[in-house]
Peer 1: 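Dropping the structure in here first, questions after.
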Amino acid sequence: MSHVTSYANGTPSWMDLMTSDREAALRFYGALFGWRFEVGPPESGHYTTCLLDGDPVAGIGERPADADYPVAWTTYLAVDDVDKTCAAVTEHGGQVLMPPMDVFEEGRMAMAADPTGAVFGMWQAGKHTGARRVNEPGAICWNEVTTGDTETAARFYTDVFGMTAEKMDSEFDYRTLQVAGRTVAGVFNPPQGLPEGVPPYWMGYFAVDDTDGAVERVTAGGGSVIAPPMDSPYGRIAVVSDPQGAVLSVMAMAAEMPQ
């Protein structure tokens, strides 16, 4: 269990889902992760905070019917100054998709894409600092960019967010991103490449006690299995989608993580 009260600049701090059916999503994720929910007021579009033992761990909102973006989970990177960071995004070849805006007194946010096309959010904390629990069942445990150009993506995140990048010694083209010496995210080029028509994207991983059991709950709830459970040095992983098509990974974390 890991409680978090603040996030350093560049660290993934929050994930939320924009879905086409919020009520169905609450039923699905409540059964999958054991979450309880705090539904926001009408002026927030009933944006819903997902709670694990009373602590916020993720968010679920309703995607407008005429939205030009898909149903998806979004990874948000913590920033000290979202306006300055948006300027840096543009300077280093990225694109600001939604300019900075205040979210009541909770914080200030923006949406962007890196030069390879992977979409992410930025969150300047106000009252809401981000996920209060990580690295335990029902909470976020990892985030990574999947792209065909890891060098360009890694350089962008180091230039914009002050991260450092390190290429792993493995059979895969995988780079880790560090903030103040701590590994916080990854940049990955799948050996088989991205499927035809799939743009680069940020993938979020949620920890579970039992990956195979989680996959059974996914299918029982009307979701789909994209990649069945497989073992890795970091734990047992599966890639799934919810009934509305949002993709996420679930992982039973290894008892001892490799160094």
Peer 1: A quick test of your reading: do over 12 heavy atoms of other residues, nucleotides or ligands sit less than 6.0 Å from CD of Q192?
Peer 2: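 Atom CD in Q192 is crowded, with more than 12 foreign heavy atoms closer than 6.0 Å.
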Peer 1: Does a salt bridge link R236 with D210, judged by any charged N lying under 4.0 Å from a carboxylate O?
Peer 2: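 A salt bridge is absent here (no side-chain N lies under 4.0 Å from a carboxylate O).
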Peer 1: ring-ring contact (aromatic ring centres under 6.0 Å, His included): which pairs involve residues 173-198, sequence neighbours left out?
Peer 2: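 For residues 173-198, and leaving out neighbouring residues, the ring-ring contact (aromatic ring centres under 6.0 Å, His included) pairs sorted by first residue read Y174-F188.
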Peer 1: Any sub-3.5 Å donor-acceptor pair from D159's side-chain atoms to H92's backbone N or O?
Peer 2: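 No; judged by distance alone, with no hydrogens or angles, the pair does not exist.
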Peer 1: Check for a donor-acceptor pair, side chain of T211 on one end and backbone N or O of A252 on the other, with a separation under 3.5 Å.
Peer 2: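 At least one qualifying donor-acceptor pair exists.
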Peer 1: Within the side chain of R132, is there an N or O that forms a donor-acceptor pair under 3.5 Å with the backbone of V4?
Peer 2: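 Yes: the side chain of R132 pairs with the backbone of V4.
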Peer 1: Once the angle between the rings of W35 and F37 is folded into 0 to 90°, is it parallel (under 30°), tilted (30 to 60°) or perpendicular (over 60°)?
Peer 2: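 Perpendicular: the ring planes of W35 and F37 meet at over 60°.
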Peer 1: Given 3.5 Å as the limit, does a donor-acceptor pair link the side chain of H46 with the main chain of V39, or not?
Peer 2: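 A pair under 3.5 Å: no.
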Peer 1: For D114 and T116, does a side-chain donor sit closer than 3.5 Å to a side-chain acceptor?
Peer 2: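 Looking only at side-chain atoms, T116 and D114 do form a donor-acceptor pair, the distance falling under 3.5 Å.
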Peer 1: Are Y29 and W73 an aromatic pair, judged by ring center distance below 6.0 Å?
Peer 2: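 Ring centres of Y29 and W73 closer than 6.0 Å.
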Peer 1: Return a table of donor-acceptor pairs under 3.5 angstrom between the side chains of residues 177-186 and protein atoms on other chains or two or more places apart.
Peer 2:
| from | atom 1 | to | atom 2 | distance (Å) |
| --- | --- | --- | --- | --- |
| Q178 | OE1 | T164 | OG1 | 3.1 |
| Q178 | NE2 | T176 | OG1 | 2.6 |

Peer 1: Show every donor-acceptor pair shorter than 3.5 Å between a side-chain atom in residues 217-226 and any protein atom, with sequence neighbours excluded, or say none if there are none.
Peer 2:
| from | atom 1 | to | atom 2 | distance (Å) |
| --- | --- | --- | --- | --- |
| R217 | NE | L32 | O | 3.1 |
| R217 | NH2 | L32 | O | 3.1 |
| T219 | OG1 | V215 | O | 3.3 |
| T219 | OG1 | E216 | O | 3.0 |

Peer 1: Counting distance only, does the side-chain N/O of T85 pair as donor-acceptor with the main-chain N or O of D81 below 3.5 Å?
Peer 2: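 Looks like yes, one N/O pair under 3.5 Å.
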Peer 1: Does T129 use its side chain to pair, donor to acceptor, with the backbone of A125 at less than 3.5 Å?
Peer 2: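 Judged by distance alone, no pair lies under 3.5 Å.
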Peer 1: Identify every side-chain donor-acceptor pair in residues 96-108 under 3.5 Å, counting partners at least two apart or on other chains, and give the distances.
Peer 2:
| from | atom 1 | to | atom 2 | distance (Å) |
| --- | --- | --- | --- | --- |
| D102 | OD1 | R108 | NH1 | 3.0 |
| E105 | OE1 | K127 | NZ | 2.7 |
| R108 | NE | D83 | OD1 | 2.9 |
| R108 | NH2 | D83 | OD2 | 3.1 |

Peer 1: Taking salt bridge (charged side-chain N to carboxylate O under 4.0 Å, His left out) as the definition, give me every residue that meets it alongside E151, ordered by chain and number, with sequence neighbours left out.
Peer 2: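 Here the qualifying residues are R155.
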Peer 1: State, without any angle test, whether R175 and T150 hold a side-chain donor-acceptor pair at a distance under 3.5 Å.
Peer 2: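 There is such a pair (donor and acceptor under 3.5 Å, judged by atom type) between the side chains of R175 and T150.
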Peer 1: Is there a donor-acceptor pair under 3.5 Å between the side chain of S232 and the backbone N or O of Y234?
Peer 2: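 Here the side-chain-to-backbone pair exists.
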Peer 1: Could you give the side-chain donor-acceptor pairs of residues 200-209 under 3.5 Å, partners two or more places apart or in another chain?
Peer 2:
| from | atom 1 | to | atom 2 | distance (Å) |
| --- | --- | --- | --- | --- |
| W202 | NE1 | Y157 | OH | 2.9 |
| Y205 | OH | E144 | OE2 | 2.7 |

